[in-house]
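Working notes, beginning with the structure itself.
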Amino acid sequence: MGSKKAIFHSTGSRSLSEKNKDLIFLKELIAAGKIKSVIDRTYPLKQMAKAHRYVEKGHKKGNVIITVK
């Protein structure tokens, strides 16, 4: 495969109770204001191609949201 490497993560091997604990912990961090999402841009579903092109340019500073109505 040459010099390329792949990283694989699997959450399926963890129990549901472990995942629940993680989600509760994240919820507490968000409620405390220690984590917040960064939304760069929002596009309607009909502009999905435009949103994809924007992300591919590599200049985004946060998440790109696709809204479905």
Side-chain angles (χ1 to χ4, degrees):
M1 294 263 183
S3 63
K4 295 187 179 195
K5 296 179 182 179
I7 298 173
F8 176 76
H9 295 277
S10 174
T11 58
S13 60
R14 299 181 63 229
S15 72
L16 187 57
S17 65
E18 289 175 318
K19 291 178 197 177
N20 265 349
K21 288 177 187 176
D22 291 344
L23 288 174
I24 291 168
F25 178 68
L26 286 172
K27 178 183 168 189
E28 291 169 354
L29 289 175
I30 292 167
K34 295 182 179 182
I35 294 179
K36 69 177 192 175
S37 63
V38 177
I39 298 174
D40 184 330
R41 295 189 182 185
T42 302
Y43 292 91
L45 182 60
K46 65 183 178 183
Q47 292 183 350
M48 175 73 88
K50 184 178 179 180
H52 202 277
R53 284 191 297 272
Y54 175 71
V55 171
E56 284 181 333
K57 288 181 182 178
H59 300 296
K60 74 181 190 83
K61 303 290 184 207
N63 295 302
V64 174
I65 308 299
I66 305 298
T67 56
V68 180
K69 293 184 180 183

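It should be emphasised that the depicted structure is a prediction, and the values quoted were computed from it without experimental measurement. All values below were derived from every heavy atom in this structure, side-chain atoms included, with hydrogens, water molecules and symmetry-related copies excluded.
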Is there a path of hydrophobic side-chain contacts, each under 4.5 Å between heavy atoms of I/L/V/M/F/W/Y residues, joining [Y] to [X]?
| X | Y | answer |
| --- | --- | --- |
| Tyr54 | Ile66 | yes |
| Tyr43 | Met48 | yes |
| Ile30 | Phe25 | yes |
| Val55 | Ile65 | no |

*Ignoring hydrogens and angles, tell me if any N or O in the side chain of Asp40 forms a donor-acceptor pair with the backbone of Lys61 under 3.5 Å.*
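Present.
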_On a heavy-atom basis, which atom in Arg14 and which in Lys19 lie closest, and how many Å separate them?_
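What the structure gives for the nearest pair is O-CE, 3.4 Å.
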_Heavy-atom pair of closest approach, residues Thr67 and Pro44_ =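 Between these two residues, the closest heavy atoms are OG1-CA, 3.4 Å.
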*In Å and rounded to the nearest 0.5 Å, what is the NZ to CG distance from Lys27 to Asn20?*
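Separation between the atoms: 11.0 Å.
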*asked:* For the NZ atom of Lys50 and the CZ atom of Arg41, what is their distance to the nearest 0.5 Å?
replied: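 Lys50 NZ to Arg41 CZ: 8.0 Å, rounded to 0.5 Å.
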*Would you call Ile24 and Glu28 a side-chain contact if the rule is heavy atoms closer than 4.5 Å?*
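With C-beta onward as the side chain, the pair touches.
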